[in-house]
Amino acid sequence: AQSVTQLDSQVPVFEEAPVELRCNYSSSVSVYLFWYVQYPNQGLQLLLKYLSGSTLVKGINGFEAEFNKSQTSFHLRKPSVHISDTAEYFCAVSDPTNNNDMRFGAGTRLTVKP
Amino acid sequence: DGGITQSPKYLFRKEGQNVTLSCEQNLNHDAMYWYRQDPGQGLRLIYYSQIVNDFQKGDIAEGYSVSREKKESFPLTVTSAQKNPTAFYLCASSIWPNEQFFGPGTRLTVL
């Protein structure tokens with residue numbers, strides 16, 4: 001079964017600075033990868049996804065992520081963050097052969113300071 | 001607008017009570033899921049259902065039960081057998097191989 005590790009539980013950053021949230025996965029098969037964002041007391045909203053094709057994936061709100069198969073990583077990046085990006089971010093991996101086996105990381109709390 | 005609704009938003013349970021959390025979707029998705037979220041632990045799968053009248057246990061099904069009598073509805077019952085039910089509960093649905101769509105969540109607190 002696959003698993004996900006988010007390497008940072010908390011990431012503080014100043015407004016307009018770049019940010020990278022790190023995600024590593026382990027799997028014996030090919031994978032689908034997702035990044036979700038969660039604002040306080042709300043559900044999860046999809047930021048972006050990698051199913052196949054180009055390894056650089058662009059999502060909503062100016063976020064992008066790069067799938068690196070050799071390093072089994074799917075790091076999330078944004079070149080300039082805003083106060084409104086303060087939220088919890090979750091990386092998730094699923095097995096293309098099992099549509100009910102999506103695994104989530106523990107989350108990274110991004111705090112953008114003025 | 002299509003989406004997933006969960007009710008209630010906040011729920012309080014006394015010791016020994018069963019409570020039911022509602023989840024409804026109008027996205028015409030076949031698969032539906034229930035997750036439990038605790039601080040610092042991400043999401044853990046409780047139950048999932050691929051089609052009507054069929055559901056499977058996830059990683060932490062003990063103390064929970066579900067039903068899937070309609071495609072649109074997937075209620076979760078937290079029974080008295082669940083010893084630590086205080087958590088944030090999220091319902092999701094999907095059409096494979098795309099992402100899961102999440103509801104707004106229900107926060108359950110044991111008094």
Side-chain angles (χ1 to χ4, degrees), chain A residues 1-11 21-25 29-53 57 59-60 63 65 74 87-109, chain B residues 3-11 21 23-25 27 29-51 54-61 68 74 87-109:
Chain A
Q2 61 273 16
S3 64
V4 178
T5 301
Q6 292 185 240
L7 298 166
D8 306 291
S9 60
Q10 297 185 56
V11 173
L21 306 184
R22 298 180 294 167
C23 172
N24 285 94
Y25 69 91
V29 298
S30 60
V31 294
Y32 294 155
L33 294 156
F34 306 84
W35 273 100
Y36 287 87
V37 61
Q38 184 181 36
Y39 300 101
N41 291 313
Q42 295 186 25
L44 275 65
Q45 178 185 2
L46 182 74
L47 280 176
L48 47 80
K49 61 185 177 184
Y50 172 79
L51 303 183
S52 65
V57 180
I60 63 171
F63 285 93
F74 191 55
E88 190 91 19
Y89 291 80
F90 292 95
C91 182
V93 60
S94 64
D95 178 352
T97 65
N98 183 354
N99 62 347
N100 297 300
D101 194 15
M102 179 175 279
R103 300 288 167 169
F104 289 83
T108 296
R109 174 70 179 174
Chain B
I4 301 178
T5 58
Q6 292 185 242
S7 61
K9 187 171 178 64
Y10 298 97
L11 186 58
L21 284 60
C23 177
E24 304 276 336
Q25 56 100 357
L27 300 168
H29 288 172
D30 290 315
M32 296 187 74
Y33 311 82
W34 273 106
Y35 292 93
R36 171 179 170 141
Q37 185 178 20
D38 295 283
Q41 295 191 43
L43 278 67
R44 292 182 290 169
L45 183 64
I46 304 172
Y47 268 98
Y48 64 91
S49 169
Q50 290 182 282
I51 57 173
D54 183 65
F55 48 83
Q56 304 295 329
K57 293 181 179 180
D59 297 325
I60 57 166
R68 187 86 186 276
F74 192 41
F88 192 52
Y89 291 86
L90 287 162
C91 179
S93 70
S94 73
I95 290 182
W96 190 250
N98 293 303
E99 70 275 16
Q100 294 184 13
F101 290 80
F102 285 83
T106 292
R107 186 165 298 280
L108 173 62
T109 303

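Residue numbers start from 1 in every chain, and the chains themselves are labelled A, B, ... in the order their sequence lines are given, proteins ahead of strands.
- Each salt bridge (Lys or Arg N to Asp or Glu O under 4.0 Å) pair with one or both residues in residues 36-45 of chain A, not counting sequence neighbours, would appear here, but there are none.
- The side-chain heavy atoms of Q38(A) and F88(B), taken from C-beta on, include a pair separated by under 4.5 Å.
- Contact of L90(B) with chain A is made through the side chain alone, with heavy-atom distances under 4.5 Å.
- In terms of heavy-atom proximity, N41(A) sits nearest to K9(B) at O-NZ, 3.2 Å.
- Contact check for R103(A) versus D59(B): side-chain heavy atoms found under the 4.5 Å cut-off.
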Stepwise side-chain contact (heavy atoms from CB on, under 4.5 Å) check, Y36(A) with E99(B): CA-CA 10 Å; Y36(A) 287 87; E99(B) 70 275 16; 3.4 Å; yes
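- Heavy atoms of L44(A) lying under 4.5 Å from chain B belong to its backbone as well as its side chain.
- When A92(A), G107(A), G43(A), G105(A) are compared by the number of non-hydrogen pairs under 4.5 Å with chain B, G43(A) comes out ahead.
- Within the model, atoms CZ of F102(B) and CG of L46(A) stand 9.5 Å from one another, a figure rounded to the nearest 0.5 Å.
- Residue Q37(B) touches chain A through its side chain alone, counting heavy-atom pairs closer than 4.5 Å.
- Note: Y35(B) OH to M102(A) CE = 6.0 Å, rounded to the nearest 0.5 Å.
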